[in-house]
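Along the sequence shown, residues carry numbers from 1.
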Amino acid sequence: MSNRMGQIALGLVVLLYCFAAQAGPAWRLDKAQEVYPLSQRIEYSEDPSGQLGIEDLVRQPEQAWKKHRDPLPNFGFSQSTYWFRLTVQTTDEAQQWLLEVAYPMLDEVSIYTFTGVQALQTVHTGDSRPFMDRPHKHTTFVIPLLLPPAKPVTVYLRIKSTGTVQVPLYLWQDAAFHERNETSTILLGGYFGIILIMIVYVSLLYIKIREASYIYYALFVAMIGLFTAGLWGWGYRYLWPEAVRFQQYNVAFFISLSIVFAARFIHQFLGLKQKAPKIGHILTGTALISLANLILLPLIGYHVGVQIALAMTLVAALAALFAGIRLWRQGDYMARYFTTAWGLFLISALLATLEKIGLMPSTFWADFILPVGVISILGLLSFTLGEKINRGKQERIQAQQQIILLKEENQAELEQKIAERTIELEQANASLKLLATTDSLTGMFNRQHFLERADQEINTAWRYQHPIAVIMLDIDFFKSVNDTYGHDVGDKVLQHLSVLCRRIIRETDVLGRLGGEEFGIVLLESSAASAAAMAERLRHEIEVSPYEHPGASIKVTVSLGVCAVEAPQQPVTIEQMLKVADDALYQAKHAGRNRVVVSTDVSSR
């Protein structure tokens with residue numbers, strides 16, 4: 001067993017010696033320099049199989065190592081393993097530097113350092129390991145390098161990741177690194193502060209107005225915040241440091257959820273169901289695909305899942321932009337702000353996606369494209385939501401003013417209509433009352449109303465001890481008129497007689513048809529003598545005024561019975577007075593008709 005270990009150790013020593021020989025001239029470090037960007041100072045070698053170990057590199061020819069020329073190494077979504085090497089040398093004293101791999105989404109990061117044939121340190125880290133295992137507790141991968149005095153040190157770096165392979169490398173002095181870290185922490189703290197403020201602001205708006213688009217927007221902002229926290233390593237450091245498996249999927253997870261909430265927000269905010277249903281269907285499709293991607297992430301893996309999420313982001317952003325432009329052209333006031341916001345977001349998302357997949361060079365400023373785009377869209381959309389409320393408030397005020405104006409106009413119109421309707425109702429009531437109290441043939445009071453009026457007048461006469469008289473009038477031989485000329489002519493005769501009666505009696509007297517050819521008259525303030533005179537006048541006028549029918553002059557006579565009370569000493573009813581008048585009428589009929597009989601005795605009735 002000891003012989004076996006000895007052979008392995010000897011082989012490693014030989015390999016390490018070969019590595020040192022192949023590393024090239026050493027790069028001298030100046031202690032006065034605070035930071036060295038390493039991207040254009042390193043060499044790299046691609047291992048498509050991912051199976052090579054550090055001992056295997058010695059068998060590769062020098063041509064396998066390539067000089068890196070771009071500002072930042074970015075190999076896009078690659079399944080290969082990448083090796084990097086760099087040789088540095090200090091001055092006459094030992095120094096400690098910090099090697100930073102400034103992209104926190106790399107799965108496997110391994111560092112090997114050698115001086116000559118001596119292995120100095122080996123460090124394995126990456127986001128596939130628990131955060132607390134890192135040699136330096138930072139959002140990116142930071143490895144302290146102890147460099148011996150005046151000796152060349154070769155650094156080998158092995159990188160493998162299922163996501164985009166970006167390897168921004170920096171060599172820092174300790175003080176400069178922490179100073180830069182404080183500055184970036186303040187800036188990122190401001191960024192996440194803005195995110196939190198927007199979430200609270202929009203949530204309060206939702207509580208106030210209870211519109212679904214606002215809660216969808218708050219959830220969208222929250223997912224964007226969590227996505228960027230995961231992308232920059234802050235999520236793994238502060239929110240889920242022990243959730244290693246979730247760390248592998250968090251970016252694709254939060255991108256997919258942000259698309260779902262963004263699609264629902266755009267649907268609700270722009271009213272796409274009514275205004276642009278086809279674009280609405282596209283957004284619904286992206287949301288459903290994103291949900292499926294979310295569910296299937298453990299099966300399809302991060303490499304595929306994040307590319308689907310990025311593709312859906314671009315589709316959703318383009319659909320939202322087209323929807324905004326379409327509604328803007330249709331005159332939608334709020335679509336202007338919405339379109340501007342999504343246009344900026346689309347540009348930033350497109351540039352960030354191209355940078356992540358390696359189609360655009362990675363630069364220092366490229367890291368700021370996405371956060372600037374996020375802040376822009378969140379700021380503009382938050383302003384748009386607030387403006388929507390103000391716009392709605394102004395529209396409500398205008399609507400209320402219009403309602404008040406319409407109410408005033410309608411009130412005047414309503415009052416006029418009410419007045420007209422009141423007159424119509426009064427006229428209708430008068431007509432109904434007339435129909436209810438009038439005999440339809442002669443226009444006189446009907447029997448019921450005549451008796452009611454007569455009772456009122458008799459009670460008044462008794463109360464004030466005024467004279468009053470009642471006349472009963474009956475047409476003589478009226479049956480022969482009907483038999484000779486027919487009932488239609490008989491009706492004409494009755495109408496003719498009612499005209500004659502109205503012509504002779506006073507306006508204050510009460511005239512009514514009691515039934516058939518029998519009529520009643522109440523004479524107010526009338527003594528027996530004046531009542532007899534009125535009755536005689538009626539009899540004479542009717543006798544000398546025949547009804548002129550085509551082809552015949554129909555002459556009729558009437559018999560009249562009069563009941564007169566000079567000053568009632570006790571209450572008298574109309575029934576009593578009609579009974580007396582009816583008896584007098586009977587006497588007139590018995591005496592030969594066409595005459596007047598007067599009676600003043602109502603005491604026995």
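Residues I259 and N293 form no side-chain contact, since every pair of their non-hydrogen atoms from C-beta on lies 4.5 Å or further apart. When side chains are defined from C-beta on, R129 does not count as touching V244, because their heavy atoms never get closer than 4.5 Å. Side-chain atoms of V221 and F261, non-hydrogen and from C-beta on, never get closer than 4.5 Å to each other. Counting heavy atoms from C-beta on, the side chains of L171 and V35 never come closer than 4.5 Å. With contacts defined as side-chain heavy-atom distances shorter than 4.5 Å, the pair V101/L169 qualifies. In this structure the side chain of I143 reaches within 4.5 angstrom of the side chain of Q121, judged on heavy atoms. Put simply, the side chain of Y156 does not reach to within 4.5 Å of the side chain of I111, judged on heavy atoms. A 4.5 Å side-chain heavy-atom check between V315 and I289 finds every atom pair outside the cut-off.
If you run side chain to side chain contact (heavy atoms under 4.5 Å, CB included) between V153 and each of L146, L120, L145, T87, only L120 comes through. Each of Y217, Y206, Y216, Y214 was scored for a ring pair (Phe, Tyr, Trp, His ring centres under 6.0 Å) with F265, with one residue passing: Y217.
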Verdict with supporting geometry, Y170 and R180, side-chain contact (heavy atoms from CB on, under 4.5 Å): CA-CA 12 Å; Y170 300 93; R180 191 287 308 261; 5.8 Å; no
Mind running side-chain contact (heavy atoms from CB on, under 4.5 Å) on L157 and V109 for me, showing each step along the way? CA-CA 7 Å; L157 181 64; V109 178; 3.8 Å; yes
Take F114 and I54, measure what side-chain contact (heavy atoms from CB on, under 4.5 Å) needs, and give me the verdict at the end. CA-CA 12 Å; F114 306 95; I54 190 167; 3.5 Å; yes
Worked check of side-chain contact (heavy atoms from CB on, under 4.5 Å) between L297 and Q248: CA-CA 10 Å; L297 264 177; Q248 303 302 301; over 6 Å; no
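Other residues, nucleotides and ligands place no more than 12 heavy atoms under 6.0 Å from the CZ atom of F322. Within a 6.0 Å radius of NZ in K278, no more than 12 heavy atoms belonging to other residues, nucleotides or ligands are found. Within 6.0 Å of atom CD in E34, 12 or fewer heavy atoms from other residues, nucleotides or ligands are found, so the atom counts as exposed in its surroundings. Other residues, nucleotides and ligands contribute only 12 or fewer heavy atoms inside 6.0 Å of the NZ atom of K31. Taking a 6.0 Å sphere around CD of E179, one finds it holds 12 or fewer heavy atoms contributed by other residues, nucleotides or ligands.
Note: W234 and Y191 fail the aromatic proximity criterion, with ring centroids not under 6.0 Å apart.
Remark: the backbone N or O of P104 is not paired with any side-chain donor or acceptor of T140 at under 3.5 angstrom. Under a 3.5 Å cut-off, the side chain of R134 and the backbone N or O of T139 do form a donor-acceptor pair. Side-chain atoms of S45 come within 3.5 Å of backbone N or O of A64 as a donor-acceptor pair. Remark: side-chain polar atoms of K160 are not paired, donor with acceptor, to backbone N or O of L106 under 3.5 angstrom.
Minimum interatomic distance between T162 and H303 (heavy atoms only, all atoms of both residues): O-ND1, 2.8 Å. Taking each heavy atom of Y82 and V165 in turn, the nearest pair found is CD1-CG1, 4.0 Å. The two atoms that bring L294 and S256 nearest to each other are CD1-CB, 4.1 Å, heavy atoms only. Residues R85 and E43 share a closest heavy-atom pair of NE-OE1, 2.7 Å.
Between F75 and F84, the ring planes are tilted. Angles from 30° to 60° get that label. Relative ring orientation between H124 and Y112 is described as perpendicular, the plane-to-plane angle rising above 60° on a 0-90° scale split at 30° and 60°. A perpendicular orientation is assigned to the rings of W240 and F246, their planes being inclined by more than 60° (bins at 30° and 60°).
One distance of note links CZ of F254 with CG of L231; it measures 12.0 Å at 0.5 Å rounding. For the atom pair CD1 of I195 and CG of L188, the computed distance is 11.5 Å after rounding to the nearest 0.5 Å. To the nearest 0.5 Å, the span separating CZ on R158 from CD on E108 amounts to 5.0 Å. For the atom pair CG of L219 and CD1 of I215, the computed distance is 5.0 Å after rounding to the nearest 0.5 Å. Here the CZ-OG1 distance, from F227 to T313, works out to 7.5 Å after rounding to the nearest 0.5 Å. Distance check: Q307 CD to I255 CD1 gives 11.5 Å after rounding to the nearest 0.5 Å.
Residue pairs satisfying the ring-ring contact (aromatic ring centres under 6.0 Å, His included) criterion with at least one member in residues 127-149, sequence neighbours excluded, are listed as follows: F131-Y236, H136-F177, H136-H178, H138-F177.
A donor-acceptor contact closer than 3.5 angstrom links the side chains of D47 and S49. The closest side-chain donor-acceptor pair between T164 and Y103 falls under 3.5 angstrom. Residues S80 and E46 bring a donor and an acceptor atom of their side chains to less than 3.5 Å of each other.
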